[in-house]
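Working notes, beginning with the structure itself.
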Amino acid sequence: QVQLVESGGGLVQPGGSLRLSCAASGRTFSSYAMGWFRQAPGKEREFVAAIGWSSGRTYLADSVKGRFTISRDNAENTVYLQMNNLKSEDTAVYYCARTLRAPWRPISADFGSWGQGTQVTVSS
């Protein structure tokens with residue numbers, strides 16, 4: 001069992017930056033990859049980014065490439081999502097998630113553990 005707690009969300013103006021954190025506790029050693037998803041009102045949850053827990057290999061959705069970066073600190077069991085040049089369409093609840101699947105797909109169904117989410121609002 002793993003517990004995931006997100007933090008770092010908030011209100012930011014277009015063009016601004018935020019860094020989200022996801023602290024993992026519990027049975028983290030068995031994680032294969034950690035990811036970030038987001039869900040805007042009235043829309044389905046969508047994949048944003050993921051990182052291999054051991055390999056450090058990163059994966060980003062096309063919509064955030066060049067603006068978002070995912071990283072991890074294995075010693076601290078923490079995953080980060082650095083979001084730059086934020087746009088109004090980035091407004092959503094952002095969720096941290098873990099998958100034990102290998103290989104995994106960038107879809108919600110492949111991630112079995114989830115945090116409670118943190119709200120990101122991009123607005124002037």
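Heavy-atom basis, side chains included; hydrogens, waters and symmetry copies ignored. Residue numbers run from 1 in the order of the sequence given.
- The shortest distance between side-chain heavy atoms of W53 and T99 does not fall below 4.5 Å.
- Although no hydrogens or angles enter the test, the distance criterion places a donor-acceptor pair under 3.5 Å between the side chain of R72 and the main chain of S54.
- Here the shortest heavy-atom pairing between G117 and V93 reads CA-CG1, 3.9 Å.
- Looking at every heavy atom in both residues, L4 comes nearest to A24 through CD2-CB, 3.7 Å.
- Within 6.0 Å of atom CD in E44, 12 or fewer heavy atoms from other residues, nucleotides or ligands are found, so the atom counts as exposed in its surroundings.
- A heavy-atom distance below 4.5 Å is found between the side chains of V64 and R38.
- Proximity of a side-chain donor or acceptor of S124 to a complementary backbone N or O of Q13 within less than 3.5 Å is not detected.
- With E6 contributing its side chain and C96 its backbone, the two residues share a donor-acceptor pair below 3.5 Å.
- Taking every heavy atom of both residues into account, R67 and L86 meet most closely at NH1-CA, 3.9 Å.
- The distance from atom CE of M34 to atom OG1 of T78, rounded to the nearest 0.5 Å, is 9.0 Å.
- Not one N or O on the side chain of T58 forms a donor-acceptor pair closer than 3.5 Å with the backbone of I70.
- Across T69, L18, V48, a single residue satisfies side chain to side chain contact (heavy atoms under 4.5 Å, CB included) together with L81, and that is V48.
- Closest of all the heavy-atom pairs between A40 and A92 is N-CB, 3.8 Å.
- Note that CZ of F47 and CG of L60 are 7.0 Å apart. Values are rounded to the nearest 0.5 Å.
- Annotation: side chain of Q119 is in contact with side chain of T91 (closest heavy-atom distance under 4.5 Å).
- A distance-only check finds no donor-acceptor pair linking the side chain of Q116 to the backbone of V5 [under 3.5 Å].
- When side chains are defined from C-beta on, L11 counts as touching S123, because their heavy atoms get closer than 4.5 Å.
- Under a hydrophobic clustering in which Ile, Leu, Val, Met, Phe, Trp and Tyr are joined whenever their side-chain heavy atoms come within less than 4.5 Å, directly or via other members, Y80 and V12 fall into different clusters.
- The CE atom of M83 sits 11.5 Å away from atom CZ of R19, with the distance rounded to the nearest 0.5 Å.
- Expressed to the nearest 0.5 Å, how far CG of D90 lies from OG1 of T121 amounts to 11.0 Å.
- A distance-only check finds no donor-acceptor pair linking the side chain of R98 to the backbone of S113 [under 3.5 Å].
- The structure places OG1 of T118 at 7.5 Å from CH2 of W36, a figure rounded to the nearest 0.5 Å.
- Listed by chain and residue number, D62 satisfy the side-chain hydrogen bond (donor to acceptor under 3.5 Å, both in side chains) test with K65 (two or more places apart in sequence, or in another chain).
- Residue pairs that meet the ring-ring contact (aromatic ring centres under 6.0 Å, His included) test with at least one member in residues 105-124, sequence neighbours left out, are F37-F111, F37-W114, W104-F111.
- In this structure, OH in Y94 is found 15.0 Å from OG in S7, a value given to the nearest 0.5 Å.
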